[in-house]
Amino acid sequence: MRRNIVKITMLVMLVALCMWQIVILWLGDMSSHNFLGKRGAGNHVILVQPKAIWVNVGKLVYKIDGSRNEYSMLINEISGLVVSGVKTSDIEKDADMTYEDLLSMPGILYEYDLELGLQELVGSDAEILKSDIGVNQVFIDMSRYNDHMTNFYLVTDDTRIIYAVTLYERLEGHQKIMERFNNPDATRNLVGYQPSTTSNKKQYIRRNNFLPLNTKEAPIEYDILQVSNPIENMSREEKIEELEQYVNSFFANPLLKEIDERQDGSIIFSENMRAIVKYEPRGTLEFSITSANEAAKLTPIERLTKVMGFVEACTGIPRFLKEGMYLSEIVNQGEEYIYKFDYKYKGFTMQLTNPVKEELGLDHILEITIKNNQVIKGKWSILRIEPKESTDADSGDGTDTVPRGFDEIVDTMYELYVPDGYETLDAVQCQYIMSTTEGKMNLDWVVQYLGDWYYP
């Protein structure tokens with residue numbers, strides 16, 4: 001009996017310590033979190049993952065699958081080079097270089113979904129990287145590898161302004177990737193992309209888009225995804241038990257939390273009204289913290305570090321979502337900053353239709369708000385997204401092909417929506433389209449025109 005009491009006491013102490021660490025995380029002490037590690041010139045943490053990494057080998061570019069180890073290797077190599085070797089004074093505006101010139105050179109392009117400063121881009125708060133330059137893409141020129149130097153270019157959001165940097169070091173990992181993608185055997189079964197700025201439709205698309213080549217002879221093959229909320233098919237006891245795995249980490253003492261089940265199916269978990277977590281049967285989780293810290297003026301990279309540290313530590317965010325998410329927008333609302341994330345699966349990004357956004361109450365798959373030096377609230381989807389299993393009713397094995405090419409999509413848009421053909425399209429992309437919160441999710445074309453999204 002005494003032995004059991006000792007075991008229970010030790011277990012309670014360990015749980016209390018874990019909860020205290022989470023409380024400290026919320027209150028702003030991030031120094032001990034493994035995700036962030038120790039910061040220094042030789043050890044930095046990548047905070048923002050690219051939306052995509054492209055390998056340009058000539059007329060076509062290829063996308064590197066984010067699930068491969070080489071994806072992280074490339075990011076770490078270029079970030080380490082920038083942190084250790086670049087000073088703001090080294091960055092010079094290249095008035096002669098155009099975006100089309102960049103895409104004519106062999107190299108590796110990092111594409112982000114928003115403009116970022118250099119410190120945020122490489123995850124380092126080094127003073128030498130302080131700059132007012134906002135970067136949307138980074139292009140590594142691999143044409144001069146044998147000169148024992150690396151030229152890379154920083155591209156602004158509108159691709160009109162390009163900055164050049166030269167370092168007298170080589171990127172061995174990048175060179176190995178270039179050699180692999182220059183081998184026809186390695187790219188034979190990969191989807192090739194054509195930059196819209198070099199395509200026969202370039203005059204119809206305002207910004208550059210990487211358009212996957214899709215033909216009857218070589219169609220784009222993809223996994224059909226299934227979106228579902230298995231929690232709603234559980235009994236009451238099973239539902240509470242499942243949700244506790246998501247919400248317990250928000251509370252200092254999960255055993256003392258209160259549970260309020262509403263008639264609309266939502267469930268609210270709270271602890272002394274300090275932390276409140278709400279589950280909606282539509283498939284979302286939302287939390288808020290009512291206690292506020294004293295005002296603290298954080299730099300952009302300090303805010304980003306807080307947000308990303310919270311995301312990594314939070315067990316309420318599904319693991320698959322963390323692995324596929326990328327930062328797409330930062331909104332400033334007075335003292336609050338909202339960090340919005342989108343999701344990609346095997347390199348293809350996911351688009352939420354307007355009805356799904358309204359149903360979930362989300363513009364993006366995950367949103368986190370920070371005020372002063374504290375993450376104070378957040379909301380995200382906990383819907384399960386996974387490859388669809390093949391059934392007897394299916395004709396295939398859970399995969400499908402995209403039926404049309406980008407030529408047909410652009411022509412269709414101009415026939416149906418663009419008056420007189422004078423306007424250009426904002427974007428043409430091939431994405432997973434989430435048009436329901438329960439059912440299949442297919443890969444198809446989406447087009448942005450005058451700020452609105454179309455599914456022609």
Side-chain angles (χ1 to χ4, degrees), residues 51-68 70-71 100 103-109 111 177-205 207-226 344-351 387-391 393-418 425 427-435 440-448 453-456:
K51 178 182 179 180
I53 300 179
W54 304 94
V55 182
N56 184 26
V57 296
K59 294 182 179 180
L60 296 181
V61 298
Y62 296 93
K63 184 186 294 185
I64 293 183
D65 187 347
S67 63
R68 296 177 66 100
E70 60 193 14
Y71 193 90
E100 288 75 13
L103 296 181
S104 69
M105 301 187 296
I108 296 178
L109 179 73
E111 180 186 22
I177 294 298
M178 288 300 303
E179 291 173 355
R180 183 167 74 82
F181 277 84
N182 272 314
N183 182 353
D185 292 335
T187 59
R188 182 170 290 115
N189 296 320
L190 298 179
V191 177
Y193 292 74
Q194 184 175 24
S196 62
T197 57
T198 62
S199 74
N200 61 321
K201 297 293 183 181
K202 64 180 180 180
Q203 67 271 31
Y204 302 114
I205 306 174
R207 302 177 62 175
N208 179 65
N209 291 199
F210 291 100
L211 306 171
L213 299 182
N214 189 45
T215 64
K216 293 181 179 179
E217 295 75 22
I220 301 171
E221 297 182 352
Y222 67 94
D223 293 335
I224 301 173
L225 300 182
Q226 179 80 18
K344 59 184 177 181
Y345 175 82
K346 289 189 175 180
F348 288 104
T349 55
M350 190 178 74
Q351 170 85 243
K388 185 179 185 301
E389 294 184 1
S390 180
T391 64
D394 295 327
S395 59
D397 57 356
T399 64
D400 204 344
T401 57
V402 178
R404 298 171 292 176
F406 67 81
D407 280 332
E408 182 180 343
I409 293 300
V410 173
D411 291 342
T412 299
M413 281 297 300
Y414 271 81
E415 289 174 7
L416 298 179
Y417 303 109
V418 183
L425 307 175
V428 179
Q429 299 174 5
C430 195
Q431 298 180 318
Y432 278 103
I433 302 173
M434 186 174 174
S435 58
K440 290 197 310 181
M441 193 189 312
N442 291 90
L443 191 72
D444 210 336
W445 294 96
V446 299
V447 178
Q448 189 180 47
W453 287 98
Y454 294 81
Y455 311 92

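Note: hydrogens, waters and symmetry copies are ignored here, and every other heavy atom, side chains too, is used.
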### Query
At what distance, to the nearest 0.5 angstrom, does NZ of Lys440 lie from CD of Gln226?
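If we round to the nearest 0.5 Å, Lys440:NZ and Gln226:CD are 9.0 Å apart.
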### Heavy-atom side-chain proximity of Val418 to Leu425 below 4.5 angstrom
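With C-beta onward as the side chain, the pair touches.
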### Query
Are any of the side-chain nitrogens in Asp223 or Lys346 under 4.0 Å away from the carboxylate oxygens of its partner?
yes
### Query
With a 4.5 Å heavy-atom cut-off, do Tyr454 and Leu416 have their side chains touching?
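Heavy-atom side-chain distance check fails, nothing below 4.5 Å.
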### Message
Tell me every residue that passes side-chain contact (heavy atoms from CB on, under 4.5 Å) with Asn189, counting only those two or more places apart in sequence or in another chain.
### Response
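For Asn189 there are no side-chain contact (heavy atoms from CB on, under 4.5 Å) partners, ignoring immediate neighbours.
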### Task
Please assess Val55 against Leu109 for the test side chain to side chain contact (heavy atoms under 4.5 Å, CB included), listing each intermediate value before the final yes or no.
CA-CA 6 Å; Val55 182; Leu109 179 73; over 6 Å; no
### Message
If we ignore hydrogens and angles and just use 3.5 Å, is the side chain of Lys63 paired with the main-chain N or O of Gly347 as donor and acceptor?
### Response
yes
### Task
Determine the interplanar angle of the Tyr432 and Tyr222 rings, folded into 0 to 90°, and report it as parallel if under 30°, tilted if 30 to 60°, perpendicular if over 60°.
perpendicular
### Query
Looking at side-chain heavy atoms only, is the closest gap between Asn209 and Gln429 below 4.5 Å?
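The answer is yes, as the side chains (C-beta and beyond) meet within the 4.5 Å cut-off.
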### Message
Taking the side chain as everything from C-beta on, heavy atoms only, tell me whether Asp400 gets closer than 4.5 Å to Asn442.
### Response
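Yes, their side chains come closer than 4.5 Å.
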### Query
Which atoms form the tightest heavy-atom contact between Lys202 and Thr197, and what is the distance?
CD-O, 3.2 Å
### Message
Quick check for you: to the nearest 0.5 Å, what is the distance between Ser196 atom OG and Asn208 atom CG?
### Response
4.0 Å
### Message
Show, in sequence, the C-alpha distance, side-chain angles and deciding distance for Asp65 and Tyr71, and conclude whether the side chain to side chain contact (heavy atoms under 4.5 Å, CB included) test is met.
### Response
CA-CA 7 Å; Asp65 187 347; Tyr71 193 90; over 6 Å; no
### Contacts of type salt bridge (charged side-chain N to carboxylate O under 4.0 Å, His left out), residue Glu70, not counting sequence neighbours
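By the salt bridge (charged side-chain N to carboxylate O under 4.0 Å, His left out) rule, Glu70 matches Arg68, Arg180.
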### Query
Do Lys51 and Thr349 come within less than 4.5 Å of each other through their side chains, counting heavy atoms only?
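Sidechains of Thr349 and Lys51: in contact.
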### Message
Quick one, Thr399 with Glu221, criterion side chain to side chain contact (heavy atoms under 4.5 Å, CB included). Give me CA distance, side-chain angles, the key distance, then yes/no.
### Response
CA-CA 7 Å; Thr399 64; Glu221 297 182 352; 5.8 Å; no
### Task
Kindly give the heavy-atom pair with the smallest separation between Gly192 and Tyr62, and that separation in Å.
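Where Gly192 meets Tyr62 most closely, the heavy atoms are CA-CE2, 3.7 Å.
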### Task
Would you name the heavy atoms of Phe406 and Pro212 that are closest together and state the gap between them?
CD2-O, 4.0 Å
### Task
Could you tell me whether the side chain of Asn56 and the main chain of Leu103 form a donor-acceptor pair under 3.5 Å?
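Yes; at least one donor-acceptor contact below 3.5 Å.
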### Query
Under 4.0 Å between a Lys/Arg side-chain N and an Asp/Glu carboxylate O for Arg404 and Asp444?
yes
### Message
Counting C-beta onward and ignoring hydrogens, is there a side-chain heavy-atom pair between Phe181 and Ile64 closer than 4.5 Å?
### Response
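Side-chain contact under 4.5 Å: yes.
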### Query
Near Glu179 CD, under 6.0 Å, is it more than 12 heavy atoms from other residues, nucleotides or ligands?
yes
### Task
Write down the atom of Ile433, the atom of Met441, and the distance for their closest heavy-atom approach.
O-CG, 3.1 Å
### Task
Find out whether Leu213 and Val191 are in side-chain contact, i.e. whether some heavy atom of one side chain is under 4.5 Å from a heavy atom of the other.
no
### Message
I'd like to know if the side chain of Thr215 and the backbone of Ala218 have a donor-acceptor N/O pair within less than 3.5 Å.
### Response
yes
### Message
Using 30° and 60° as the class boundaries, would you call the ring planes of Trp54 and Tyr193 parallel, tilted or perpendicular?
### Response
perpendicular
### Backbone of Asp185 reached by a side-chain donor or acceptor of Asn183 within 3.5 Å
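Flag set: sc Asn183 to bb Asp185 pair under 3.5 Å.
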### Message
Could you walk me through whether Tyr414 and Tyr204 satisfy the ring pair (Phe, Tyr, Trp, His ring centres under 6.0 Å) test, starting with their C-alpha distance in whole Å, then the side-chain angles of each, then the deciding distance to 0.1 Å, before giving a yes or no?
### Response
CA-CA 9 Å; Tyr414 271 81; Tyr204 302 114; 5.0 Å; yes
### Task
Quick one: pull up CG in Leu443 and SG in Cys430 and give me the separation to the nearest 0.5 Å.
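Answer rounded to 0.5 Å: 4.0 Å.
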### Query
Backbone N or O of Ile220 within a donor-acceptor pair of the Asn214 side chain at under 3.5 Å?
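Indeed, once roles are kept as given, a pair shorter than 3.5 Å links the two residues.
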### Task
Tell me, please, which residues at least two apart from Asp411 pass salt bridge (charged side-chain N to carboxylate O under 4.0 Å, His left out).
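If we apply the salt bridge (charged side-chain N to carboxylate O under 4.0 Å, His left out) test to Asp411, skipping adjacent residues, the hits are Lys201.
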### Task
Given side chain to side chain contact (heavy atoms under 4.5 Å, CB included), test Thr198 with Gln194 step by step and report yes or no.
CA-CA 7 Å; Thr198 62; Gln194 184 175 24; 3.9 Å; yes
### Query
Are Ile409 and Tyr455 close enough that some pair of their side-chain heavy atoms sits under 4.5 Å apart?
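A side-chain contact is absent here, since even the closest heavy-atom pair is not under 4.5 Å.
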